[in-house]
Amino acid sequence: MTASLDILRGAWRNPRGRTGALILLIVALAALVGPVLLPDPLAQPDVLGAGRPPGLGHPFGTDQLSRDVLSRVVTGGRISLAVALLAVTLSVTLGATVGVVSGYWGGVIDAALMRLVDGALAIPRLFILLLVLAVWERVPVLALILLIGATGWFATSRLVRGEVLRLREEGYVRAAEALGARRRRIIFRHLLPNALGPLLVAATLGVGDVILLEAGLSFLGLGIQPPTPSWGGMILDSREVMISAPWTGIFPGLAIVITVLSANLFGDALRDAVDPRSA
Amino acid sequence: MTFAVALGLLFFLMRAAPGDPLFRLSADRPISPQEIKVLRARYGLDRPVGEQLGAFVGGLLRGDLGVSIEHGRPVTALLAERLPATMLLGGSVLLLNFTLGLWLGVRQAVRHGRREDRWLTTASLTGYAMPSFWLGLVLAWLVGVEWRLLPAAGMQDPLMDADAGWLARVGDILRHLILPTATMSIVSIAATMRYQRAAMLEVLRLPYIVTARSKGLSERLVTWRHGWRNALFPVITLFGLWLPILVSGSVFVEAVFAWPGLGSLAANAVGSRDYPLLMGASLLVAALVVVAGFLTDVAYALLDPRVRLG
Amino acid sequence: MTPWTPRIAIAAVLACAVVTTVGAQANRGRGTSIVIVTGGQATLPIPTLMEGAEASVGNLDVADQLFLRLADLGPKLLTAGDSHFVPALARSWTRRDSVTLAFDLDSRARWHDGTPVTARDVVFTITRAKNPTVAPRLSELLRQIASVTAEGPGRVVFRFVQPYAEQLYDATFHVAPLPSHLLDSISPTEMRRSAYVTRPIGSGAYRWVRNVPGQFVELAAVQSFFLGTPKIGRVILRTAADASARLNLLLSGQADAMDIIPPPPENLRRVAADSTLRLISVPSSTVGYLLFNQRDPKNRARPHPVLADIRVRRAITLGLDRRQLVQAVFGTQAVVPYGPVSQMLWIRHGAPEPEAPNVSEARRLLAATGWGDSDGDGTLDREGRPLRLLLSLPNTSGVRRQMALLVQEQLRRIGIQIEIQQLEFPIWQERRTAGDFDVDFSSVSQDASPSGLTQSWACTGGNNVAGYCDRTVDSLMTEAIVGRGDPAETWIDAVRQIEEGAPAAFIYAPTFAYAVNRRYRAVTISPQSSWITLRKWSVSQDQESHRGK
């Protein structure tokens, strides 16, 4: 546990990491609290006066169905962040499990699992998702999360496996084994906490990747379905009016850039704290 | 061998997917049953699928990819017309990647920890965070329409005189090339920079580099002579991976910027279920991927004398 | 890195900048030219070859410039009778009897290679066009023509199968004559791959210059065109498949004219705000409607459990504020049609006003059919089943997508739950044809001739996918097409009958907004073929300062 705290502290000391973390916190806060304070993102109050530029009452303007862009960006943020966090949690959990099993048990299991991972890594993640989503119409959000999570654990498992292999040779682990400690205890007490560093890095960077991925899928009409707002979906809707109502597309895009950037800044800082050589 | 199987699969998949070319037509205007019958015969849709496949393969061996349903012209001619534009766009992106991306990545590694490195890191992370589809739309609107600095779409100016010099023509195409290339390259250059930086840092720590440095060899010599070759490997792997992404990304960029390449041709063909054109385009892309893989292997061999071809 | 590297980089950037600006300035001969940006590309703009997918707007527009018809539609686009047409290749025509028309060709008419246009060309073309294996679409359209004969070089005689109102329309509109002296030695199947196709020779006001694939087609004015030399010397039809890309080209000055500014109304306001452009309203041939499936989607032999009842269908129509729908999505650029009549069809003059919404009547009708809200959840139900309908639409139409959301909201207020299903175009097409839908958001593009209505609204119509059948409508439409009386009245009666049967809620009949740069004068746009009057346009004087062409 202390190892992870050290890493977090290290990342915090890094000015870029600090900036990233702060912005992420602001975004998360806005996503949590915002939808309560702001008008309903699905409401179309004034259909005949739609498409207003940013101004009083609508800081980000309204879109062509007179929905408030700010509320949609914030609500979309809530959904995008939720999808990202849940999917990444799934990926990291799967990756850690497979990595530990593979690294600790070794042998045939290890060989089989790593063959699977190698094969999966060869296929671009986007292609798999496109293939599945093109056939499956109107995928519910939960299924989307599961799909994204299920396709993102391969590299993490490799990482964790490497850590486990390394740690297995450490003195204190050997000692614990010699003393007859149960496997579960060794895994949860000694191996996982030390692998937590790289896992944290993978998770943070993963959040950024998933946000971009989900936005891309929603832009293609395959991700979050309307009328639920999503950043990618808002950019898709803005395509027809980019020239006359650019605010409908610029703000969701900026939201993506800011969120992914801060996730990456923080993730980079975490990585530097975990492995100072890569700073 | 896998090539052939994949193509066969694609052939069947296309016909299995709902909708066929004639359905699309009947949406635009009413089509009489008589017209449908004649058109089905003309496009070969009324024959059993196996026979259609046979006809296609037979044609393929003769170098004839059939006639496009949507355009009414031979598929080979259509592909040949549109390929240069896509190559130009893809080539420019790759060129920028391998020059700017590499150079900046190496520069970051050499100057690592210093101000330049930190700025470039932030810049590359910002670039990496941009969704390319959003970037394309914003660039087209802002730079093309609002500011009128560069053309908002197209590849050439149609009003250019027939007797304009080649320099003017090249300049014209370059002007049109800037925005679509920028859209596709900002993200990929950012990624290349990150990878190259990391790879280069690894290399710079290698014992023989440290030794070379301590022997007093100039930094420049060390970096360029010894370091970068080794650091090139991961980037070359990236190249192999980037090709499919370039191809799929170009579909969007070609639509937004009305760039007359294969991407827009193929995208329209999917919508109208233009089977011959789709097969031809897929073949071409598959062939390109194979060639790219081959080139990657060659590059490895050239860089590392220890790796033998095949 | 030495200090040289940044300098090299800066030098490279400057070099690029120089090259690109040189490219921008050099050799821009604007002269008297026009760049029109369109969505479709002209790959085969040749009469009798525009079959199947090649009968596209792109091809038809260019073909209308290259090839002149015997006679053109008048400004009101009337297709019935002999008198509302404008002479083109034919200087005049006479009716010999109820099934015979004789056309006298204008002796000044020439092909682009200088050869005179003769009656033989007309006979050759019609013969080819009536061949069902060569031109299945055209042969169907020309089926009422029994024979075409030449009486000397300057007169063509058409004989028809029976007397009917649109004989002149059928003889002149569907296909323009081809040069027989160049083509009669080439068989119809060879024609597609012949050299003629790459450099077509026609009789129109503009001749073919070149086609840059995927980008644009260039045409040049025929200097000695017998109906007046066009004042615009150079016509460029520029292609961009994406609607936003087209708009960008227009607003950045790279194009002078554009067809169909895409909705929503924000785009129109933006174009209107540009002082160099003039907006022109052109009636569109499109009509959009919510088609109610009267048969059970799972079993076409059985009636639809909800929509087979005419009261439910009328309730939906009355429950929709169609004017608000149209205004929200189109602004002022569309009207609510009466029946399935687009703004382009000439029969709309004299049609009554569409019904105003009546929500209380809608509620009453629904209650009368047994739908009540027993569980208080806002949605009506009957025998434990909620009133839920699936609205299918293709994902290619931004307009319908937007409207579907508004329709969903409006119908929710009277207790009908609409679930929107956006489908990929071919899938939507397939489901529609198979009758697998509850409510289909259809959009139809109509011919100039009202006889096209039979496709969707006759019992055996090819596009009648919802099981609508009204024998009265069928007999009225037949009467209007082949009867001797004034077809206008009969058509209105047929349309009124359709409205009363409530097979669909007719929502929008748009007007297209075209944009043309203000420096072009005498600009008219024909709803049936956008640029057909180009040869009559002119360019204002101060723009002719560059090299003229």
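These numbers come from the heavy atoms of this one structure, side chains and all, not from hydrogens, waters or symmetry mates. Numbers restart at 1 for each chain; the letters A, B, ... are given by sequence-line order, proteins then strands.
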Inset, instruction - Check whether C/Thr133 gets within reach of chain B through its side chain, its backbone, both or neither, counting any heavy atom under 4.5 Å. - result: backbone

Legend entry - Closest-packed option against chain C by number of heavy-atom pairs under 4.5 Å, given B/Gly144, B/Pro158, B/Ala153: B/Pro158

Inset, instruction - Measure distances from C/Val134 to the heavy atoms of chain B and classify the residue's part below 4.5 Å as side chain, backbone, both or neither. - result: backbone

Inset, instruction - Ignoring hydrogens and angles, tell me if any N or O in the side chain of C/Gln254 forms a donor-acceptor pair with the backbone of B/Ala152 under 3.5 Å. - result: yes

Legend entry - CG on C/Leu251 to CH2 on B/Trp141, rounded to 0.5 Å: 12.5 Å

Legend entry - Contacting region of C/Ile236 [heavy-atom separation from chain B under 4.5 Å]: side chain

Inset, instruction - Pick one of side chain, backbone, both or neither for B/Glu146, based on which atoms fall under 4.5 Å of a heavy atom in chain C. - result: side chain

Inset, instruction - Would you mind checking which part of C/Asn395 comes under 4.5 Å of any heavy atom in chain B, side chain (CB onward), backbone (N, CA, C, O), both or neither? - result: neither

Inset, instruction - Search all heavy atoms of B/Pro74 against all heavy atoms of C/Arg193 and return the closest pair with its distance. - result: CG-NH1, 4.3 Å

Inset, instruction - Pick whichever of C/Gln41, C/Arg432, C/Arg270 has the most heavy-atom pairs under 4.5 Å with chain B. - result: C/Arg270

Inset, instruction - To the nearest 0.5 angstrom, please state how far the CG atom of B/Leu159 sits from the CG atom of C/Asp256. - result: 7.5 Å

Inset, instruction - Pick whichever of C/Ser456, C/Gly214, C/Pro394, C/Ser139 has the most heavy-atom pairs under 4.5 Å with chain B. - result: C/Gly214

Legend entry - Residue selection (most heavy-atom pairs with chain C, distance under 4.5 Å) from B/Pro151, B/Ser264, B/Gly154: B/Pro151

Inset, instruction - With a 4.5 angstrom heavy-atom cut-off, could you sort out which part of C/Arg246 is near chain B: side chain, backbone, both or neither? - result: neither

Inset, instruction - Go through the structure and list residues passing side chain to side chain contact (heavy atoms under 4.5 Å, CB included) with B/Trp147, not counting sequence neighbours. - result: B/Leu142, B/Val143, B/Leu149

Legend entry - Segment of C/Val57 engaging chain B (4.5 angstrom heavy-atom cut-off): neither

Inset, instruction - Taking all heavy atoms of C/Ala245 and all of B/Ala255, pick out the closest pair and write down the distance. - result: CB-O, 3.8 Å

Legend entry - chain B contact via C/Gln446 - which portion, at a heavy-atom distance below 4.5 Å: neither

Inset, instruction - For the residue pair C/Glu140 and B/Val38, establish whether any side-chain heavy-atom pair is separated by less than 4.5 Å. - result: no

Legend entry - Set of residues satisfying ring pair (Phe, Tyr, Trp, His ring centres under 6.0 Å) with respect to B/Phe133, sequence neighbours excluded: A/Phe219

Legend entry - For B/Met160 against C/Arg210, the heavy-atom pair lying closest together: O-NH2, 4.4 Å

